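Data first, discussion second: the structure below is written as structure tokens.
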Amino acid sequence: LAASEEEMIALKFTVNQQDIEITVPDSMRLLDILREELNLTGTKEGCGIGECGACTVIMDGAAVNSCLILAEQCQGSRVETVENLEKDKILSQLQEAFLENGAVQCGFCTPGMLMSAKALLAQNPHPSLEEIKTALEGNLCRCTGYVPIIESVQKAAEKLGKDAK
Amino acid sequence: MNSIIGQKVKRIDGYEKVTGKAVYGDDLKFPGMLHAAVRYADIPAGKITRLETDAAANIPGVKAIALHSDIPGSDKVGPIRQDYLPIVKDEVFFTGDVLAVVAAETKEIAYQATEAIQVTYEEFEPVCNLEEAVKPESRLVHPEYKSNIMVHYPLIKGDIRKGFSESDKVIERTYRTGYQEHTYIEPESVTAVPDPSTNGFKIYGSIQNPYTTRKVVAIFMGLKLNQVNVIQSTLGGSFGGKDDIVSNMACRAAILVYKTEKPVKLTYTRENSMRESYKRHPYIMKYKAGFTKTGKLKAMQINILAECGAYSSQTFFVTWRSVVQATGPYQIENVQTDIKGVYTNKPYTAAFRGFGSPQIIFAQESLMDEIAQICGISPIEIRKINGYKQGSITASGQVLDQHKVSLQQVMQKAAHKANFTPKYKQFQAKNKKTSRYKLGIGLACSFRGCSLGAEGTDASSAIVSVQADGSVILLSGVTENGQGLRTTLSQIAAEILGIDLNQITFLQPQTSTINDGGPTVASRGTIVGGNATIKAANEIKKRIFSVIKDELKVHKLEQTVWQNGRIFNKQDKKLSINFNQAAEKAYFAGINLSAYGWFKAPEVSWEEETGQGIAYFTYVYGCQIVEVKLDTFTGKISVEKITAAHDVGKVINRLGAEGQVYGGTTQGMGYGVMEDFDVQRGIVKSDNVDQYLIPTIKDIKEIQPVLVENPDKYGPFGAKSIGEPTLELTAAATNNAYCMASGQRSYRIPLTLEQVKLGKNLKKPVRQSEASHSGKKLHPRLSNIKTITPVNLAEALRLIHKQKFQPLAGGTDVIVQARKSNKPIKLMYIAKIEELGKIEFSGTGCKIGAAVTFSQILENKKLQKHLPLLIKACSLIGSTQIRNRATIGGNIVNAAPCADSVPPLIAYGAKLKLQSAQNTREMLLADFIKGSYNTQLLPDELLTHIIVPKLPHPGYFYSYFQLGRREAVNITRMSVSILVHLNESGIVDDCRVVDGSLFKKPQRIKAVEEVLLKQKLSKDIIAAVQQPLSQKIEDEIGGRWSAEYKKPVFIDICQDALNDIWQQARKK
């Protein structure tokens, strides 16, 4: 099929609290919609098969691989990407912790890591080491050896806990 | 003094990386930009007899197809020997060769066009075996070079015959290492943009070495260097990997720009990257060592074959480092080393963090441990006896007296920190008492030449430019690859100028704005880039000093102190001036506040015939200690702790330096135990990261960096190198730890399950027919999909029946498979249908909707209570992201042999409810699955529910074991699920044992169950399982390639799981 003959879908969903109405090909993945249609290039593609987690976003509260979600599956959903973490020029605790503790090197896995970590802390504000590892097991990082990433999530959780009190 | 050197400093390019604002190669967009795709070779070796592009060119939206005949400049490129063709002429040398490159309006059209290009070949038998390739009778990969041996470095020191004759003992060992793939998380991307101002190009992208890319593109396009301006995008990991391949991609993008006059982007999929990108060299290393009874090395003879694959690339340099360092950090009077780089028709090999050292360190450190064992001394003692000390002489005859030789110091620090000697004894004692799991601790040491050494021109550049308001712009000829160089160099400039780090902006480098600083390789960024930065910053100081000296009442620069944003009179601190005001003053005085720093490394030398000379101007020393836990039943090695002591000269950024240790050791650990790049008959089988496994977060336990500081006279503030040393030792230390645990030596990495268990790397044999890619998409992607969401179950059933829609729920299998399929696919999204998403309980058991996700199953309290075996298995499926989407129905219907939910459900006796528009039926899951990806599902049927009947009694014991190649996100290699019930007298009255990934389909293993039924559990009865189980496996899968591994392992894990149940019962 040439591009013009592609099946199209009229999609309504929200991305970072904004209502989106857009018509895209059925073959399009959430990842492509974010990157190509909405210019949200913070979400990355590393493997295309749900193994590396670079494309992780939060959909209806759960961390998902946006490379394994077709447009049809987004209908009516709430999607949150890395671009939504900084509010009014203030970085989130997680972002700050990632910087403070050296959890970022090349940074390509970072958006996905942050989104997996955010989904975890939203559901479980006081995760154990094992729970942190389970939440991030689907996010590959080739630079940091993960140690600083784990530390960052622990420290962000501590801080968020204190702020809540 | 408020020094920033050695502090923990947040990286200065961190903000854009945590907000998603950093611009990586594929994030770039230009008006009118076209998308490119490459047409790969279908076979690893052969002549192209026909290349037909008409059909491709006629696809609407295709803008250009570039072939070899279109190349305006030189068709061949390469750092030393120009044997690489970015677009091949009439012959292919490996399956990553590119025959044609297409530019089109969309990526999809470009992909379609590459797949429409028809090629026929006269096939050659590919040269695939390194040892065969060096034989005179081997077919020549590149006949024009007359030999498959493309480089040979000899090294001769002393007289090895004399050395061996003086030895009490001589041993010979052969060591082998495999490919390692860089697996940067960002696949390669390059964009070429026409630049009318130079009649050339701007090249953007994931480029590790912009000056190399500039040179290669200029040669290929027939341009001058000033017509190609290369601008590095934020780099998503490189590790040596985004050098040659990205330059070659840039050539392809540039030629398409030349043909279309539009910007062209070429982004690779992971599959493209795995297929084409170069890897770490596989080595075969023969070591012969002579030594005295007390462990003193007398002679060493080393013969190494390094596989360079289809092209020479960096092999000249990689093997040179190997020849310099092959004996390790040990003084040996008599040495003879020969290393040869050899062509094959396999993926080519080049730079990868470590660069020819991880292989030889694995060999020499294994050898040292074995010699220690023979001499009855400890691993530490052997290295104390032979290890370099101040003034030692290397194999190349270099006297180590120009820097602190800290080998003994780092070894002692590592051993102390890791508690090596006590642990060694403790583990030995423990291992005598345990059967399944054994503990091991091992160490490895190295020395490493800093920067390029005698392999090349070693100089670098920096520009420090102070603005009128005192803000500073820093440029460097070396690049940020993710390692943190921008931060390190900015710290150095800040320290010299005595200003805050925030006052400095590191400018994105462009090759046209600063002169060639050489490649950012060889762990040279800090040492050469830092020195150039210091020179530029010191020049600035001199110039600013000239306008403030009177005010500060000083005559010489040395009489001032620059710190905290002020310049002070050293003697009288009351006399000072703000740096910004000083800058302004200089500006108005017409002073040039932009200074160029150029650092040329100290002289080195090399004599080709004898391999003697001053190889590097300084060296670093490292020692790593690794602790492992070995599962002797399965061959699985878990790395429990890594202690890494490295002499870095001086720490500049502690956060960055420790980060290098964490990351490098993790890559080294992967290299040692799991990273197994599979190429069969020249075809890359490890085509994505589900096949080529790198460590996940769960594979990392504890890493302890120990940074040792001995400032070097040549280093900026004394700093040397850290990037590569961290990687090069880990696999060697891991292997030594494994050997200690197992009690036997091992000579090959990676230590995969099969390697450990069988002593060989078992591989699925490739069929001849698999060699061609016909019928598969050349570029896996989603295309040609139609989707629909039925409002309810009835509509879904109608859609299957009438329009042949396939169900789509989580999509974690369906979408992955759709990427590879080249047929149109019609999918209906059923996950929102209410009745498919429920978990219901009744007196007879529970009913789980087919669209219930694994996360929902795991969270369900009642399921946790009633079906613990299922919960355990489901918790190990994929990753959190996968479990959030993947459904139990999908897992069953897909019927992959590794489907983790199936064996426990079979054990529970689950039934399936299958509905079609006309009919509803129920079937046992055990019957439903016919085999691998094969079920009883009729074309118009939908699996709607899984019905799990209540077990006949309360109080079942369960045991589950899943074997994977790493600690998370596994394709299950094998599993065993067991449910057992004992009556009041402890007799087994129900027993269900189910395999996963063993037989043709998962099933109750009656042969085992019958042994146990009506018996009391005991050591003997569990032992009695062995014979019938062994027979059953032999009957079912005896002839299969994997049986050799699976048979003994399954028997062991099955018996161990039964033991586990027995122990649970005894405790009760």
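As the structure is a computational prediction, the values presented were derived from the model and not from experiment.
Interface residue Phe239(B): only side-chain heavy atoms are found under 4.5 Å from chain A. For Ala62(A), the parts sitting under 4.5 Å from any heavy atom of chain B are the backbone and the side chain alike.
No side-chain donor from either of Asn784(B) and Glu7(A) sits under 3.5 Å from a side-chain acceptor of the other. Asn101(A) and Lys8(B) share no side-chain donor-acceptor pair at under 3.5 Å. A donor-acceptor pair shorter than 3.5 Å can be found between the side chains of Glu72(A) and Thr789(B). Ser116(A) and Gln881(B) are linked by a side-chain donor-acceptor pair at a separation below 3.5 angstrom, with hydrogens and angles left out of the test. Checking Gln95(A) against Tyr15(B) by side-chain atom types alone, no donor-acceptor pair falls below 3.5 Å.
Between chain A and the residues His182(B), Lys786(B), Glu967(B), Glu480(B), the most heavy-atom pairs under 4.5 angstrom are made by Lys786(B). Between chain A and the residues Leu827(B), Thr183(B), Ile703(B), Val661(B), the most heavy-atom pairs under 4.5 angstrom are made by Thr183(B).
Although no hydrogens or angles enter the test, the distance criterion places no donor-acceptor pair under 3.5 Å between the side chain of Arg142(A) and the main chain of Ile185(B). In this structure, Lys21(B) contributes its side chain and Gly42(A) its backbone to no donor-acceptor pair below 3.5 Å. Put simply, the side chain of Ser27(A) gets close to the backbone of Ile785(B): a donor and an acceptor are under 3.5 Å apart.
Separating the CD1 atom in Ile815(B) from the CD1 atom in Ile69(A) is a distance of 7.5 Å, to the nearest 0.5 Å.
Within the 4.5 Å cutoff, no side-chain heavy atoms of Val104(A) are placed close to those of Glu16(B).
Between Tyr24(B) and Phe108(A), the ring center distance clears the sub-6.0 Å criterion.
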Check the pair Glu51(A), Asn688(B) against side chain to side chain contact (heavy atoms under 4.5 Å, CB included), reporting the backbone distance first and the verdict last. CA-CA 9 Å; Glu51(A) 283 278 329; Asn688(B) 206 322; 5.6 Å; no

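Here side-chain hydrogen bond (donor to acceptor under 3.5 Å, both in side chains) pairs that include residues 126-137 of chain A, with residues two or more places apart or in two chains, are Asn124(A)-Glu131(A), Ser128(A)-Glu131(A), Thr134(A)-Lys698(B), Glu137(A)-Lys698(B), Glu137(A)-Arg883(B).
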